[in-house]
Amino acid sequence: MLSHSLSKTDQSVISLDLFNDLPPSPEAAQMPLAAGSVLLRGFAQSMDAELLRAIDAVIVQAPLRHMQTPGGYTMSVAATSCGSLGWVSDSTGYRYAALDPSSRRPWPAMPACFLDLAQRAAAQAGYDNFVPESCLVNTYTPGAKLSLHQDKDEKDLTAPIVSVSLGLPAVFLFGGAKRSDKPQRYRLLHGDVVVWGGPSRLAYHGVLQLADGEHALLGRRRINLTFRRVLV
Ligand code: MD6
Ligand code: FE
């Protein structure tokens, strides 16, 4: 037999040659966005129902709210958090806080399925031992958007951010180190996960106004979860 005459290395080279025409399975579809950043198409899809139940439980304890920006605007995105720290914005600025300012109670604990997903996605993208203390839950209804911004309120900028998209599709803008760098556009679909860090950790990014539509599981909504390591 042919394979008996080949070393292990030769065999794996040959099987790559034979099989790299096959389309990747949805779980394996990886698309690099920039240095340090990767889009994992459909990575969260198989656990969508479990994620939604956990999101509902978080929202019951810490209701969604439209926060004020330091510049005096009301965000069109409604947000809440879970984990030991939550991201908050008000007239005095952006920060992470251990207490929900609306209830003055700790944020809901991070659901086990959230942490599991975030760690598996980070590892898949090459970031081992990702331990986020915070998950920001952003909810978009048609017309809601997120202007170009950097995520730089975290003390640990060496850790990646893991971002999970659920529900209606969105156009995601992924720019460069300067606000004026022309962003690339990506359509993020239900179940997509973006992991980013390294050289692109401080890239400007945003979300265009959400188009109207109806999603089978979420209705007229998009939910984005972003997992962050805050403390060093
Ligand atoms: C969103 N995401 O997808 C907004 N930030 O709705 C973010 O702002 C974001 O996806 C940091 C890292 C990943 C993200
Ligand atoms: Fe962001």
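Just so it is clear, the values below take in all heavy atoms, side chains as well, and ignore hydrogens, waters and symmetry mates. Computed from a prediction, not measured in an experiment: that's the story for all the values here. Counting starts at 1 for both ligands and their atoms, following the listed order.
- Among all protein heavy atoms, the one lying closest to atom 10 (O) of ligand 1 is Ser163 OG, 2.7 Å.
- Considering backbone and side-chain atoms alike, Ser165 places every N or O at 3.5 Å or more from each N or O of ligand 1.
- By the 6.0 Å and 45° rule, Arg222 stacks over the aromatic ring of Tyr140.
- For His205, a nitrogen or oxygen atom sits less than 3.5 Å from a nitrogen or oxygen atom of ligand 1, counting backbone and side chain alike.
- Taking the six-membered ring where the residue is Trp, Trp87 and Tyr94 present parallel rings, their angle staying beneath 30° rather than reaching 60°.
- Atom 3 (O) of ligand 1 has Arg222 NH2, 3.1 Å as its closest protein atom, hydrogens excluded (heavy atom only).
- Atom OD1 is the N/O/S atom of Asp151 found closest to the Fe ion (ligand 2).
- The protein heavy atom nearest to atom 2 (N) of ligand 1 is Asn224 OD1, 3.5 Å.
- Using modelled atom types and a 3.5 Å distance limit, the side chains of Glu154 and Tyr96 yield a donor-acceptor pair.
- Checked by distance only, ligand 1 and Thr226 stay at 3.5 Å or farther apart across all their nitrogen or oxygen atoms.
- For Arg201 (side chain) and Pro160 (main-chain N/O), no donor-acceptor pair under 3.5 Å exists by modelled atom type.
- Nearest protein heavy-atom contact of atom 6 (O) of ligand 1 is Tyr140 OH, 2.4 Å.
- When the Fe ion (ligand 2) is compared with the N/O/S atoms of His149, atom NE2 turns out nearest.
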